[in-house]
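Count residues from 1 along the sequence.
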Amino acid sequence: MATPPDPLMNSDDGHSSERTAPAPAPPADPAVLSEAGSLLRALAAPVRIAIVLQLRVAERCVHDLVDALGVTQPLISQHLRVLKAAGVVHGSRNGREVVYRLVDDHLAHIVVDAVAHAEEDSRDPGAVDDTAHTP
């Protein structure tokens with residue numbers, strides 16, 4: 001007797017779903033959806049993603065981030081301002097330096113999951129490149 005296909009495995013892309021029940025519907029409150037959109041926009045820049053990954057490991061000051069990421073101090077400061085305004089990071093003064101940390105782990109999970117997904121797609125030899133259409 002043949003084994004029925006696994007309903008949690010999408011055979012088209014090889015990704016599996018660990019959910020056993022449908023996800024709850026998104027909140028109907030437009031203000032909550034707007035806030036979530038603002039948060040995702042704040043996380044959308046590659047340098048800001050790299051900053052979140054650094055802060056996931058440990059608190060850092062600006063010069064630590066400059067050294068770790070190889071970008072200029074003004075650029076790091078600009079991105080930290082965006083992340084701080086979005087409530088992603090918090091800065092605490094320590095003498096002449098400001099030490100930054102993530103506000104909570106939920107934000108790190110969003111970034112880690114997005115990076116992991118991008119890595120899966122970049123390593124998947126069967127992935128379809130929709131940008132390379134030849135007539």
Side-chain angles (χ1 to χ4, degrees):
M1 176 184 243
T3 305
D6 183 354
L8 297 178
M9 179 61 77
N10 181 341
S11 61
D12 291 340
D13 66 4
H15 294 127
S16 64
S17 172
E18 295 178 12
R19 282 185 259 180
T20 57
D29 183 356
V32 171
L33 296 176
S34 178
E35 188 173 332
S38 295
L39 174 63
L40 292 173
R41 280 188 296 281
L43 294 171
V47 171
R48 292 195 288 267
I49 291 170
I51 290 171
V52 170
L53 292 174
Q54 288 291 314
L55 295 178
R56 180 176 173 258
V57 175
E59 296 179 346
R60 311 246 192 237
C61 60
V62 172
H63 72 81
D64 291 335
L65 292 167
V66 167
D67 293 344
L69 302 178
V71 296
T72 65
Q73 180 273 322
L75 185 60
I76 291 290
S77 294
Q78 177 184 358
H79 285 294
L80 284 168
R81 276 192 295 279
V82 172
L83 291 171
K84 190 173 180 182
V88 175
V89 301
H90 175 76
S92 301
R93 186 156 297 280
N94 185 9
R96 294 178 50 180
E97 296 181 330
V98 177
V99 178
Y100 291 91
R101 64 173 174 80
L102 291 176
V103 169
D104 64 43
D105 288 336
H106 293 108
L107 303 166
H109 289 296
I110 293 169
V111 171
V112 168
D113 287 347
V115 170
H117 181 74
E119 287 175 339
E120 284 176 1
D121 287 349
S122 69
R123 286 184 284 200
D124 184 3
V128 176
D129 182 3
D130 290 339
T131 62
H133 291 288
T134 53

Inset, instruction - Evaluate the criterion side-chain contact (heavy atoms from CB on, under 4.5 Å) for residue pair Ile51 and Ile76; output intermediate values, then yes/no. - result: CA-CA 8 Å; Ile51 290 171; Ile76 291 290; 4.2 Å; yes
Inset, instruction - Take Glu97 and Val62 through the side-chain contact (heavy atoms from CB on, under 4.5 Å) test and state the conclusion after the steps. - result: CA-CA 8 Å; Glu97 296 181 330; Val62 172; over 6 Å; no
Inset, instruction - With side-chain contact (heavy atoms from CB on, under 4.5 Å) as the test, would you mind laying out the steps for Asp64 and Val99 before giving the verdict? - result: CA-CA 10 Å; Asp64 291 335; Val99 178; over 6 Å; no
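More than 12 heavy atoms of other shown residues, nucleotides or ligands fall within 6.0 angstrom of atom CG in Asp113.
Residues that satisfy the side chain to side chain contact (heavy atoms under 4.5 Å, CB included) test with Ala50, not counting sequence neighbours, are Leu69. With sequence neighbours excluded, the residues that form a side chain to side chain contact (heavy atoms under 4.5 Å, CB included) with Leu53 are Ile49, Val111, Val112, Val115. Here Ser92 pairs with His90 under the side chain to side chain contact (heavy atoms under 4.5 Å, CB included) rule; sequence neighbours left out. Asp104 meets the side chain to side chain contact (heavy atoms under 4.5 Å, CB included) test with His106, Leu107; sequence neighbours excluded.
Here the closest non-hydrogen pair linking Gly87 and Val103 is O-CG2, 3.2 Å. The minimum heavy-atom distance linking Leu102 with Ala108 is given by the pair CD1-CB, 3.7 Å.
The cluster map of Ile, Leu, Val, Met, Phe, Trp and Tyr, joined by side-chain heavy atoms under 4.5 Å apart, puts Val98 and Leu75 in the same cluster. Residue Leu55 is grouped with residue Leu40 when hydrophobic side chains (ILVMFWY) are merged at heavy-atom distances under 4.5 angstrom, including chains of intermediate members.
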Give every donor-acceptor pair under 3.5 Å between a side-chain atom in residues 78-85 and any protein atom, sequence neighbours left out.
residue	atom	partner	partner atom	Å
His79	ND1	Arg48	NH1	3.0

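Here Leu39 contributes atom CG and Ser34 contributes atom OG; the two are 11.5 Å apart, rounded to the nearest 0.5 Å.
Each side chain to side chain donor-acceptor pair (under 3.5 Å) pair with one or both residues in residues 65-75, not counting sequence neighbours, appears once here: Gln73-Ser77.
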